[in-house]
Amino acid sequence: LYGERIEGVSILGSGTIDGQGASFKGEYKLRPYMIRFVECRDIRLEGVTLQNSPMWVQHYLACEDVFISGIRVHSRVNENNDGIDIDCCNRVQISNCEISTGDDAIVLKSSSPFATRNVAITNCVLSSNCNALKMGTESNGGFENIVIGNCVINDTQMAALALQIVDGGILDGVAISGIV
């Protein structure tokens with residue numbers, strides 16, 4: 001699913017979207033994202049199950065007003081299949097989600113000079129073959145006003161929480177509490 005410069009998109013309900021990621025094994029450069037929105041506004045995902053992504057499960061790039069709640073992500077069929085990637089976005093809420101991935105579960109990125117700002121991640125259950133919650137690797141514009149709270153992390157092979165500014169951006173106004 002792909003959208004660019006659109007507004008008012010909703011994916012709602014109790015259904016399942018299966019990306020059939022096992023069909024793409026060995027085709028690293030040809031694997032598609034399962035969901036990707038670029039420069040979009042007012043995006044809402046609620047209740048749906050996303051499974052078996054070929055690449056990153058969800059990538060939101062330069063988007064505003066993203067609301068993700070009550071979704072389930074089960075994607076361990078390939079390497080490099082992050083659960084949720086928030087990249088250079090503003091005003092994002094992620095809550096009440098269950099995410100189990102072969103790569104990072106939730107990643108905040110800043111792949112351009114624009115910061116990822118005003119993000120709240122709450123009440124999620126995360127497991128991952130890498131990091132459960134991560135800010136960085138791509139951190140050019142940095143991260144501002146980020147709240148992470150009341151999340152349960154288990155079965156994670158690297159870090160429960162990774163804060164990385166490897167590309168020079170800033171990390172400002174980050175509050176983290178209630179991580180188990």
Could you tell me whether a side-chain N or O of Thr122 sits under 3.5 Å from a main-chain N or O of Gly149, the two making a donor and an acceptor?
no
Restricting to non-hydrogen atoms, name the atom on Gly83 and the atom on Val57 that form the minimum distance, rounded to 0.1 Å.
O-CB, 3.3 Å
Would a single hydrophobic cluster contain both Val107 and Met55, if residues Ile, Leu, Val, Met, Phe, Trp and Tyr are joined by side-chain heavy-atom contacts under 4.5 Å?
no
Salt bridge check, Arg72 against Glu98: does any charged N sit closer than 4.0 Å to a carboxylate O?
no
Do Glu46 and Arg44 meet the salt-bridge criterion of a basic N to acidic O distance under 4.0 Å?
yes
N/O donor-acceptor pair under 3.5 Å between Asp65 side chain and Asp42 backbone:
no
Main-chain N/O of Ala105 paired with Asp82 side-chain donor or acceptor, under 3.5 Å:
no
Looking at Ser53 and Met34, what are the two nearest heavy atoms and their distance?
OG-CB, 3.4 Å
Taking the side chain as every heavy atom from C-beta outward, state whether Ile165 and Ile170 have any atom pair closer than 4.5 Å.
no
With side chains defined as the heavy atoms from C-beta onward, is the minimum distance between Asn90 and Phe114 less than 4.5 Å?
no
Distance-minimising heavy-atom pair for Arg31 and Pro54
NH1-O, 2.7 Å
Which one of Thr16, Asp18, Leu45 satisfies the side chain to side chain contact (heavy atoms under 4.5 Å, CB included) criterion with Leu50?
Leu45
Do Val48 and Ile94 belong to the same hydrophobic cluster, where Ile, Leu, Val, Met, Phe, Trp and Tyr are linked whenever their side-chain heavy atoms lie under 4.5 Å apart, directly or via other members?
yes
Heavy-atom closest pair (Ile153 atom, Thr156 atom, distance to 0.1 Å) is CG2-OG1, 3.4 Å
Could you tell me whether a side-chain N or O of Asp87 sits under 3.5 Å from a main-chain N or O of Ser111, the two making a donor and an acceptor?
yes
Given Asn81 and Asp103, is the side-chain hydrogen bond (donor to acceptor under 3.5 Å, both in side chains) satisfied, shown in steps?
CA-CA 5 Å; Asn81 57 348; Asp103 204 341; over 6 Å; no
Where do Gly141 and Ala115 come nearest, in terms of heavy atoms and distance?
O-CB, 3.3 Å
Can you tell me if Phe67 has over 12 outside heavy atoms packed within less than 6.0 Å of its CZ?
yes
Using the test side chain to side chain contact (heavy atoms under 4.5 Å, CB included), find all partners of Ser23 that sit at least two apart in sequence or belong to another chain.
Gln20
Heavy-atom count around Glu39 CD within 6.0 Å, excluding the residue itself: above 12?
yes
Result of checking His74, Gln157, Arg76 against Ser127 for side chain to side chain donor-acceptor pair (under 3.5 Å):
Arg76
Shortest non-hydrogen contact from Gly70 to Cys97?
N-SG, 3.9 Å
Separation between CD1 of Ile35 and CG of Leu1, rounded to the nearest 0.5 Å:
5.0 Å
Donor-acceptor pairs under 3.5 Å, side chain of residues 130-138 to any protein atom, not counting sequence neighbours: which ones?
from   : atom 1 : to     : atom 2 : distance (Å)
Asn131 : OD1    : Ala159 : N      : 3.1
Asn131 : ND2    : Asp104 : OD1    : 3.1
Lys134 : NZ     : Thr137 : OG1    : 2.7
Glu138 : OE2    : Lys109 : NZ     : 3.3

Residue pair Asn140 / Ser110, side-chain donor-acceptor N/O under 3.5 Å
no
Measuring only between side-chain heavy atoms, which start at C-beta, is Ile86 closer than 4.5 Å to Leu61?
no
Holding to ring-ring contact (aromatic ring centres under 6.0 Å, His included), I want the full list of residues that pass it with Tyr33, two or more places apart in sequence or in another chain.
Trp56, His59
